[in-house]
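Have a look at the structure below before the remarks.
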Amino acid sequence: MYKQEEIKPYGKQGAKEKLVEEMFDNIAPTYDTLNHRLSWNIDKGWRRSAIRQLAPGKPKRILDIATGTGDFAILAAQALCPEKIVGIDISEGMLKVAREKVKHAHLEGKVEMRKEDCLAMSFPDNTFDAATSAFGIRNFQDLDKGLAEICRVMKPGGQLSLVELTTPVSFPMKQLFKIYSHTILPVYGKLISKDKGAYQYLTASIEAFPQGEQMVGILKKAGFSQASFRRLTFGICTMYYAQK
C-alpha cells in the first residue's frame, strides 16, 4: 500500500472510493473556479503539454480517467480530433458539470461522459489507443490495481499521458510550495467551496503521492513497457508518459 492510499477525505473511516465520490460531489459546482484560480490558470498549460505527448500517435479512441468536469477530454477532442473520447469518473456531480461543458462545446457526438469505477472498468481488453488523466490517479483507493486496469483496456502500443500535482524538490520552491499548500490553498478552498476538508485532503494527498522515478517504476510494474516523466513549473506538477 502506498502512503496516499491511507489518506481519506474528511478523516473518515470507510472505503476511500466512496469518500472521494462524496467529496467531489460536494465541491463539483466550484471545482473549476478553484482549480484555475489556485493554479493561476497554469493548469491549462499542463493539460496542453500532456496532450501534445499523444499527438504523434494520432489516437482514434481515447479514455480520460477521473475526467472530473471534463476539461482534459474536451481539450483533447479539440486538439487531437479523435473519433471518440470517453471520460469516466465516480462522481455524478462532476460528470453533470462535464456533460454541460461538452454540450456547450458542441462535442456531444465525439465526447461521452460515463460513471465508471476506474479500478473495475466495464470496457473490454485492448479498447483504447490512448488514455489520459489530470490530477485523478492520486485519488485511487488502490494505485497498482487502477494503473493495471488502465493498461488492460489500452491497445498494445497505446499511449498513456498523465499530469499530477507533486511537491517540488528544489530550494526555494519546495519551501514556498509547502507554505502555500498549508495556508492559502486550504483557506481559499474553504472560502469558495465551503468545504474545508476537501482542500486539506488535497494537500495531504499531494505530499504522500509517489512521484518522479518512483512513479515510473510503478507504471512499469502495472504493465507498461516504457515510462518517463518531466517536471513542470518548478516541480509543482509532473507529467508522465507511458506506453503499453
Side-chain angles (χ1 to χ4, degrees), residues 1-7 15-17 20-21 46-47 49-68 72-73 75-77 80 82-91 112-166 205-206 208-232 237-244:
M1 176 177 279
Y2 303 105
K3 188 176 179 182
Q4 97 286 344
E5 295 173 359
E6 301 174 355
I7 298 171
K16 180 172 181 176
E17 178 183 344
V20 167
E21 180 181 359
W46 295 336
R47 288 185 179 89
S49 294
I51 287 169
R52 281 195 293 270
Q53 293 190 125
L54 301 178
K58 298 179 180 179
K60 294 181 179 180
R61 292 183 61 83
I62 301 174
L63 175 66
D64 188 38
I65 302 112
T67 193
F72 208 165
L75 190 60
L80 300 175
E83 293 176 1
K84 184 76 172 181
I85 294 183
V86 180
I88 64 169
D89 205 282
I90 59 171
S91 167
E112 176 189 359
M113 293 293 167
R114 294 172 54 169
K115 184 171 183 178
E116 289 266 349
D117 179 357
C118 296
L119 273 61
M121 291 184 270
S122 63
F123 309 109
D125 295 356
N126 309 320
T127 299
F128 296 96
D129 302 295
T132 58
S133 185
F135 323 121
I137 63 171
R138 189 181 68 255
N139 300 308
F140 283 179
Q141 183 170 302
D142 185 329
L143 181 60
D144 287 334
K145 185 177 180 180
L147 292 174
E149 183 71 351
I150 295 168
C151 189
R152 178 187 70 79
V153 302
M154 291 172 62
K155 295 178 181 178
Q159 302 169 284
L160 174 65
S161 186
L162 307 172
V163 282
E164 264 299 342
L165 294 170
T166 47
S205 63
I206 292 170
F209 191 69
Q211 62 181 46
E213 292 85 355
Q214 185 183 3
M215 187 63 190
V216 165
I218 293 169
L219 286 163
K220 289 181 178 179
K221 184 172 70 169
F224 294 95
S225 61
Q226 301 176 34
S228 60
F229 76 97
R230 181 158 64 94
R231 300 187 193 278
L232 306 175
C237 177
T238 302
M239 181 169 65
Y240 298 91
Y241 176 84
Q243 196 166 12
K244 182 174 177 179

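In what follows, residues are counted from 1 in the order of the sequence shown.
In this structure, OH in Tyr240 is found 8.0 Å from CD in Glu164, a value given to the nearest 0.5 Å. In this structure, CD1 in Ile150 is found 6.5 Å from CD1 in Ile137, a value given to the nearest 0.5 Å. Rounding to the nearest 0.5 Å gives a distance of 14.5 Å between CG of Leu162 and CH2 of Trp46. Interatomic distance, Asp129 CG to Lys244 NZ, rounded to the nearest 0.5 Å: 11.5 Å. To the nearest 0.5 angstrom, Asn139 atom CG is 11.5 Å from Glu5 atom CD. The OG atom of Ser205 sits 12.0 Å away from the CZ atom of Phe135 when rounded to the nearest 0.5 Å.
Using modelled atom types, no side-chain atom of Gln243 and backbone atom of Gly158 make a donor-acceptor pair closer than 3.5 Å. A donor-acceptor pair is defined here as one N or O able to donate and one able to accept, closer than 3.5 Å; no such pair exists between the side chain of Gln53 and the backbone of Ala242. Although no hydrogens or angles enter the test, the distance criterion places a donor-acceptor pair under 3.5 Å between the side chain of Arg152 and the main chain of Phe123. Remark: side-chain polar atoms of Arg138 are not paired, donor with acceptor, to backbone N or O of Thr166 under 3.5 angstrom. For Lys3 (side chain) and Ala208 (main-chain N/O), no donor-acceptor pair under 3.5 Å exists by modelled atom type.
Between Met239 and Arg231 there is no side-chain heavy-atom pair separated by less than 4.5 Å. In this structure the side chain of Ile88 reaches within 4.5 angstrom of the side chain of Cys118, judged on heavy atoms.
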Anything under 3.5 Å between a donor and an acceptor, one on a side chain of residues 141-148, the other on a protein residue two or more places apart or in another chain? List them.
| from | atom 1 | to | atom 2 | distance (Å) |
| --- | --- | --- | --- | --- |
| Gln141 | OE1 | Lys16 | N | 3.1 |
| Gln141 | OE1 | Glu17 | N | 2.9 |
| Asp142 | OD1 | Asp144 | N | 3.3 |
| Asp142 | OD1 | Lys145 | N | 3.0 |
| Asp144 | OD1 | Tyr2 | OH | 2.8 |
| Asp144 | OD2 | Tyr2 | OH | 3.2 |
| Asp144 | OD2 | Lys221 | NZ | 3.2 |

Show me the side-chain donor-acceptor pairs of residues 56-68 shorter than 3.5 Å, one per line, residues at least two apart or across chains.
| from | atom 1 | to | atom 2 | distance (Å) |
| --- | --- | --- | --- | --- |
| Asp64 | OD1 | Thr132 | OG1 | 2.7 |
| Asp64 | OD2 | Thr67 | OG1 | 2.7 |

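Considering all non-hydrogen atoms of both residues, Ala131 and Met154 come closest at CB-SD, 3.9 Å. When every heavy atom of Glu116 is checked against every heavy atom of Ile90, the shortest pair comes out as O-CG2, 3.3 Å.
For Ser133, there are no side-chain hydrogen bond (donor to acceptor under 3.5 Å, both in side chains) partners at least two apart in sequence or on another chain.
Crowding of Arg230 atom CZ: a count of heavy atoms from other residues, nucleotides or ligands under 6.0 Å not exceeding 12.
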